[in-house]
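First up is the structure itself, then whatever we jot down about it.
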Amino acid sequence: MAEALTVADEPMLFDRLESEPTDALLQLIALAKADPRPDKIDVGVGVYRDAAGGTPILRAVKAAERILVETQETKAYLGSAGDTRFVDLIRPIVFGEKGARDERIVGVQTPGGCGALRLGADLIDKANSDARIFVGQPTWPNHGPLIECAGVEMVKVPYYDTRSRRILFDEMMEALKEARPGDLVLLHGCCHNPTGADLSLDQWREVADFIARRGLVPYVDLAYQGLGNGLEADAQGTRLVVEAAEQALVAQSCDKNFGVYRERTGSLFVKASSKAGAETVFGNLLQLARTMWSMPPDHGAAIVHTILDDPELRADWNAELKEMCARIRSLRARLSAYDERLAFIDRQNGMFSMLPLSRDAVLELRESHGIYMADSGRFNVVGLSDENVDRFAAAVVEKLDG
Ligand code: PMP
């Protein structure tokens with residue numbers, strides 16, 4: 001008789017899994033959708049919304065897609081680095097013309113900012129499994145999982161206090177003294193998510209100097225370039241730290257500033273100590289990418305490449321980006337002007353800010369006003385419209401913790 005191949009008491013493979021909690025933000029989106037109140041306000045979801053409440057495809061993107069349909073001749077493999085022309089076009093936008101010529105910086109296309117962050121974390125782990133990443137708190141909730149999945153230890157340091165509405169700069173710098181040479185510091189290039197609170201240029205200079213003196217490696221997450229104060233202004237901090245540091249990483253995303261979220265469009269740039277070192281890094285990036293996605297999806301990068309290579313489309317994209325940025329700034333100004341306790345919002349950047357609200361207050365706003373925001377008090381400024389911004393402000397100031 002054939003021997004039984006399974007042991008009856010042992011659970012089968014997938015029965016060993018524990019259930020994972022549903023993503024809180026996705027749950028919030030579903031709740032907001034199911035709310036029948038016509039005047040509900042969804043400031044939970046993290047995408048740009050126009051005055052009509054939609055997230056339309058940019059004109060320049062549509063035009064580029066038409067060109068691609070007409071002219072693209074093959075879908076054959078491109079390789080693990082993705083669309084290299086796309087990477088070359090993104091380079092000066094991130095690093096400026098001078099920085100873009102630095103041969104110590106190499107880049108590859110990735111599936112969005114998430115892919116870039118994960119690839120960077122894997123590269124760090126491969127280079128030195130003892131290296132740690134220092135991350136200011138609070139931060140985007142996916143930073144921890146992306147870093148830790150790659151096996152890199154994350155060290156939390158203070159960054160922002162919601163109640164006093166200020167960056168805890170001295171506290172952060174003090175905590176960073178724990179970092180050893182070769183450790184990394186994660187920095188939001190602009191439009192800090194979830195707080196909207198960005199370092200001033202003087203603070204960036206101080207961080208850059210500290211990093212350089214201590215042999216630390218900046219790891220910049222640049223997911224919202226152009227949505228804070230414009231493409232150039234939003235890159236200043238990134239350029240300062242990358243120039244000052246001997247080695248650095250920049251995880252870049254086009255998903256927000258080109259509005260191509262689901263196309264998963266981004267890149268990872270790495271600065272090594274020398275041109276030869278950069279070539280070694282590049283080879284390692286290709287090998288790591290090969291084991292995860294082999295090659296990044298092409299369509300988003302092809303769109304961006306087509307836009308940036310065409311002066312007219314590029315100018316139109318610039319105009320549309322400026323429009324998005326101006327709309328965010330104008331909503332921030334409206335909220336700030338409403339009440340002194342909301343004045344901090346205009347000093348912050350990008351789509352998000354955090355309100356000092358208790359969890360109960362967030363729930364009450366949901367139930368009695370149909371206002372949907374994350375339990376942390378993070379809200380998407382641009383989820384508001386000219387019509388409901390005052391109603392939103394009136395409801396939240398009632399409930400502020402301080
Ligand atoms: N970094 C931050 C701070 C983000 O908010 C996001 C997206 N929400 C990303 C990275 C990832 O962007 P992508 O959608 O391009 O993966």
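These figures come from a predicted structure and were not determined experimentally. Because only heavy atoms are used, hydrogens play no part in the values below, and waters and symmetry mates are left out as well, while side chains stay in.
Side-chain atoms of Arg85 do not come within 3.5 Å of backbone N or O of His305 as any donor-acceptor pair. No donor-acceptor pair under 3.5 Å is formed between the side chain of Asp125 and the backbone N or O of Val152. Side-chain N or O atoms of Ser336 include one that pairs as donor or acceptor with a backbone N or O of Ala343 at under 3.5 Å. The backbone N or O of Gly112 lies less than 3.5 Å from no partner atom in the side chain of Thr265, so there is not a single donor-acceptor pair. A donor-acceptor contact shorter than 3.5 Å links the side chain of Trp317 to the backbone of Asn257. Within the 3.5 Å criterion, the main-chain N or O of Val61 finds no donor-acceptor partner in the side chain of Glu320. In this structure, Gln252 contributes its side chain and Phe269 its backbone to no donor-acceptor pair below 3.5 Å. Remark: the backbone N or O of Gly46 is not paired with any side-chain donor or acceptor of Asn380 at under 3.5 angstrom. Checking side-chain atoms of Arg91 against main-chain N and O of Ile105 turns up a donor-acceptor pair under 3.5 Å. Looking at Thr55, its side chain does come within 3.5 Å of a backbone N or O of Tyr48 through a donor-acceptor pair.
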Decide yes or no on ring-ring contact (aromatic ring centres under 6.0 Å, His included) for His192 and Tyr159, but give the supporting numbers first. CA-CA 11 Å; His192 188 277; Tyr159 181 73; 4.5 Å; yes
From CA spacing to verdict: side chain to side chain contact (heavy atoms under 4.5 Å, CB included), Val87, Ile90: CA-CA 5 Å; Val87 176; Ile90 292 297; 5.8 Å; no
Tell me, with the steps shown, if Glu10 and Arg16 meet side chain to side chain contact (heavy atoms under 4.5 Å, CB included). CA-CA 9 Å; Glu10 286 287 309; Arg16 294 165 187 266; 3.2 Å; yes
Given side chain to side chain contact (heavy atoms under 4.5 Å, CB included), test Ile41 with His369 step by step and report yes or no. CA-CA 8 Å; Ile41 300 178; His369 297 272; over 6 Å; no
Given Leu308 and Ile93, is the side chain to side chain contact (heavy atoms under 4.5 Å, CB included) satisfied, shown in steps? CA-CA 10 Å; Leu308 295 179; Ile93 294 177; 3.8 Å; yes
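Contact record, Phe282 with Ala81: CZ-CB, 3.9 Å, taken as the closest heavy-atom pair. Scanning both residues, Tyr224 and Cys191, for their nearest heavy atoms gives CB-CB, 3.6 Å. Pro311 approaches Asp309 most closely through the heavy-atom pair CD-O, 3.7 Å. Here the closest non-hydrogen pair linking Arg327 and Val382 is NH2-O, 3.4 Å. Nearest heavy atoms, Gly228 versus Asp234: N-OD2, 2.9 Å. The nearest pair of heavy atoms linking Gly277 to Ala272 is C-CB, 3.6 Å.
Exactly one of Lys98, Arg205, Lys271, Arg104 qualifies for a salt bridge (Lys or Arg N to Asp or Glu O under 4.0 Å) with Glu243. That residue is Lys98.
Residues Val157 and Glu171 fail the side-chain proximity criterion, which asks for heavy atoms closer than 4.5 Å. Residues Met295 and Gln109 form no side-chain contact, since every pair of their non-hydrogen atoms from C-beta on lies 4.5 Å or further apart. The side-chain heavy atoms of Leu201 and Leu240, taken from C-beta on, include a pair separated by under 4.5 Å. By the 4.5 Å heavy-atom criterion applied to side chains, Ile124 and Leu249 are counted as neighbours. In this structure, the side chains of Tyr219 and Leu117 come closer than 4.5 Å at one or more pairs of heavy atoms. Counting heavy atoms from C-beta on, the side chains of Phe95 and Val250 come closer than 4.5 Å. Here the side chains of Tyr338 and Arg334 are not in contact, with every heavy-atom distance at 4.5 Å or above. In this structure the side chain of Leu68 reaches within 4.5 angstrom of the side chain of His299, judged on heavy atoms.
By the 4.0 Å N-to-carboxylate-O rule, Asp35 lies too far from Lys40 to be salt-bridged with it. Under the 4.0 Å criterion applied to side-chain N and carboxylate O atoms, Asp130 and Arg180 are not assigned as salt-bridge partners.
One distance of note links OG1 of Thr306 with CD1 of Ile67; it measures 6.5 Å at 0.5 Å rounding. Here the straight-line distance linking atom CG of Leu384 with atom CD1 of Ile371 works out to 8.5 Å at 0.5 Å rounding. To the nearest 0.5 angstrom, Met324 atom CE is 9.0 Å from Phe258 atom CZ. In this structure, OG1 in Thr162 is found 9.5 Å from CZ in Arg165, a value given to the nearest 0.5 Å. Taking CZ of Arg378 as the reference point, atom CG of Leu28 lies at 9.5 Å (rounded to 0.5 Å). Here CZ of Phe86 is found 4.0 Å from SG of Cys254. Values are rounded to the nearest 0.5 Å.
Within the structure, side-chain hydrogen bond (donor to acceptor under 3.5 Å, both in side chains) pairs that include any residue of residues 272-284 comprise Lys126-Asn284, Glu246-Ser273, Gln247-Ser273 (at least two apart or interchain). The stretch residues 136-147 participates, sequence neighbours left out, in these side-chain hydrogen bond (donor to acceptor under 3.5 Å, both in side chains) pairs: Thr139-His143, Thr139-His188, His143-Asp221.
Within 6.0 Å of the CZ atom in Arg262, the count of heavy atoms belonging to other residues, nucleotides or ligands does not exceed 12. Counting heavy-atom neighbours within 6.0 Å of Glu148 CD, excluding the residue itself, gives a total above 12. Enclosure of atom CD in Gln27 by more than 12 non-hydrogen atoms of other residues, nucleotides or ligands within 6.0 angstrom is indicated.
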Donor-acceptor pairs under 3.5 Å, side chain of residues 390-399 to any protein atom, not counting sequence neighbours: which ones?
| residue | atom | partner | partner atom | Å |
| --- | --- | --- | --- | --- |
| Arg391 | NH1 | Asp39 | O | 3.4 |
| Arg391 | NH2 | Asp39 | O | 2.7 |
| Lys399 | NZ | Glu364 | OE2 | 3.3 |

Contacts under 3.5 angstrom, residues 349-360 side chains, donor-acceptor by atom type, not counting sequence neighbours:
| residue | atom | partner | partner atom | Å |
| --- | --- | --- | --- | --- |
| Asn349 | OD1 | Asn229 | ND2 | 3.1 |
| Asn349 | OD1 | Arg329 | NH1 | 2.9 |
| Asn349 | ND2 | Asp198 | OD2 | 2.9 |
| Ser353 | OG | Arg332 | NH1 | 2.8 |
| Ser353 | OG | Gln348 | OE1 | 2.6 |
| Ser358 | OG | Ala361 | N | 3.0 |
| Arg359 | NE | Asp375 | OD2 | 3.1 |
| Arg359 | NH2 | Asp375 | OD2 | 3.1 |

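With sequence neighbours excluded, the residues forming a side-chain contact (heavy atoms from CB on, under 4.5 Å) with Arg239 are Glu232, Ala235, Gln236, listed by chain and number. For Arg264, the side-chain contact (heavy atoms from CB on, under 4.5 Å) criterion is met by Pro111, Cys114, Asp255, Pro297, not counting sequence neighbours.
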